[in-house]
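Bear in mind that the values here come from a model prediction, so they are computed numbers and not experimental data. Numbers restart at 1 for each chain; the letters A, B, ... are given by sequence-line order, proteins then strands.
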Number of protein chains: 2
Amino acid sequence: MAKVRHSRFDCTPGCSVEAAIGLIDGKWKAIILWHLLAGTLRFNEIRRQVQSCTPRMLTNQLRELEDDGLITRKVYAQVPPKVEYSLSELGLSMAPILRSLKAWGDANIGLYGKPLGHDPRDLQPGGSA
Amino acid sequence: MAKVRHSRFDCTPGCSVEAAIGLIDGKWKAIILWHLLAGTLRFNEIRRQVQSCTPRMLTNQLRELEDDGLITRKVYAQVPPKVEYSLSELGLSMAPILRSLKAWGDANIGLYGKPLGHDPRDLQPGGSA
DNA sequence: CAGGATCCCACTGGATACTG
DNA sequence: CAGTATCCAGTGGGATCCTG
């Protein structure tokens with residue numbers, strides 16, 4: 001990671017499990033990555049997918065993801081502004097993690113009384129947040 | 001989850017990605033689960049594997065994992081006390097997630113200047129934290 | 001051995017208002 | 001549209017000491 005903005009990495013050296021979760025912690029990162037798995041999105045498009053995330057937090061999380069090299073930020077010099085976020089190679093390489101998270105959630109979320117729509121689209125990023 | 005001790009679950013209903021990460025957030029849970037994947041461990045055995053986790057936090061995280069149904073706590077009525085922690089069925093079902101996290105970390109941790117031992121034992125839980 | 005209790009502070013993150 | 005700025009509450013989590 002470029003700047004160690006988040007100090008959550010004090011595990012013993014060489015702990016790859018911590019390394020990985022350290023990048024997708026922070027309440028929104030995993031879902032953001034998940035949605036970007038479906039393709040490039042603009043700022044407000046992400047907001048719409050992750051409604052309960054405030055603009056401030058969204059910016060924050062996107063910046064950390066960018067600093068960690070997981071996503072790419074492309075700014076179009078125009079008015080009104082247009083900024084596109086997409087997964088980098090490294091971000092794409094996290095797909096297995098994201099999919100296993102999704103798969104587990106799909107299989108087990110019902111146990112917690114949380115009804116799951118089982119909407120087929122849910123199996124693809126871009127579905128409900 | 002039994003008691004919603006941790007309030008981190010305010011995503012839109014049906015978000016299975018959030019559901020899954022919500023259970024393994026909290027700085028230590030993923031590593032604890034990882035180590036338990038290798039088999040039953042006692043309190044201080046876990047402490048040794050996750051040195052930088054204080055007893056208080058370890059208790060805390062273990063309790064949450066237990067409340068979430070991911071681990072099982074077996075207390076032996078004896079002196080000195082003996083408590084064993086092991087993965088429940090549900091906890092075991094998270095193995096794919098944990099393994100994908102580990103795999104990703106192994107493949108990419110080097111990019112961050114964190115040297116990786118590439119110790120073969122690292123591929124199995126029970127190795128270095 | 002396996003924790004519980006208490007103190008305390010840093011950071012997380014929400015609400016709201018403003019801007020290029 | 002895509003953020004920034006500021007204020008502020010809640011809590012995550014460390015340090016330390018105590019106990020059945």
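Dashed line: the shortest gap from a side-chain N or O of B/Arg73 to OP1 or OP2 of C/dG3 is under 4.0 Å. Residue A/Arg47 has no polar side-chain atom (N or O) positioned under 4.0 Å from OP1 or OP2 of D/dC1. The side chain of B/Tyr85 places no N or O atom within less than 4.0 Å of a non-bridging phosphate oxygen (OP1 or OP2) of C/dC1.
In the set D/dA2, C/dG3, C/dC1, the nucleotide with an atom closest to the side chain of A/Pro81 is D/dA2. Candidate nucleotides D/dT4, D/dG14, C/dG3 were compared by shortest atom distance to the side chain of A/Thr59, and D/dT4 ranks first. Ranking D/dT4, D/dA2, C/dG13 by closeness to the A/Gln61 side chain, first place goes to C/dG13. Considering only the side chain of B/Asn44, C/dC1 comes nearest among C/dC1, C/dG4, C/dG14.
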Worksheet entry | Chi angles and distances behind the side chain to side chain contact (heavy atoms under 4.5 Å, CB included) call for B/Ile97, B/Leu33 | CA-CA 10 Å; B/Ile97 298 179; B/Leu33 290 174; over 6 Å; no
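A search for side chain to side chain contact (heavy atoms under 4.5 Å, CB included) contacts involving A/Val75 returns A/Arg73, A/Val83, not counting sequence neighbours. Take A/Thr59 and apply the side-chain hydrogen bond (donor to acceptor under 3.5 Å, both in side chains) test, not counting sequence neighbours, and it matches no residue. B/Arg56 is linked by a side chain to side chain contact (heavy atoms under 4.5 Å, CB included) to B/Thr54, counting only residues two or more places apart in sequence or in another chain. Remark: A/Glu45 pairs with no residue by the side-chain hydrogen bond (donor to acceptor under 3.5 Å, both in side chains) rule, at least two apart or across chains. Listed by chain and number, the residues in a side-chain hydrogen bond (donor to acceptor under 3.5 Å, both in side chains) with A/Ser93 are B/Trp104 (sequence neighbours excluded). Scanning for side-chain hydrogen bond (donor to acceptor under 3.5 Å, both in side chains) contacts around A/Ser100 gives B/Ser100, with sequence neighbours left out.
Distance, A/Ile46 CD1 to D/dG3 P: 9 Å, rounded to whole Å. Between A/Glu66 atom CD and D/dA2 atom C1' the separation is 14 Å, expressed in whole Å. Note: CG (B/Leu62) to C1' (C/dG4) measures 14 Å, nearest angstrom. Going from atom CD1 of A/Ile31 over to atom C1' of C/dG13 covers 14 Å, rounded to whole Å. Rounded to a whole Å, the NZ atom of A/Lys27 is 9 Å from the C1' atom of C/dG14. Per the geometry, CE belonging to A/Met57 stands 12 Å off P belonging to C/dA15, to the nearest Å. Atom P of nucleotide D/dT11 and atom CD of B/Glu64 are separated by 13 Å, given to the nearest angstrom. When the P atom of C/dT12 is taken as reference, atom CG of A/Asn60 falls 8 Å away, rounded to whole Å.
Looking at A/Asp67 and A/Arg63, no side-chain N of the basic residue comes within less than 4.0 Å of a carboxylate O on the acidic one, giving no salt bridge.
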Could you write out each protein N or O paired with an N or O of nucleotides 15-17 of chain D at a distance under 3.5 Å?
| unit_1 | atom_1 | unit_2 | atom_2 | d |
| --- | --- | --- | --- | --- |
| D/dA15 | N6 | B/Arg56 | NE | 3.3 |

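Overall bending of the helix from C/dC1-D/dG20 to C/dG20-D/dC1, expressed as the angle between end axes built from five pairs apiece, is 60° (10° steps).
Listed by first then second residue, pairs satisfying salt bridge (Lys or Arg N to Asp or Glu O under 4.0 Å) with a partner in residues 80-92 of chain B read B/Lys82-B/Glu84, not counting sequence neighbours.
With the nearest nucleotide of DNA chain C identified for both B/Arg42 and A/Cys53, B/Arg42 has the one nearer the 5' end.
When atom types are taken as modelled, the side chain of B/Thr72 and the backbone of B/Leu87 share no donor-acceptor pair closer than 3.5 angstrom.
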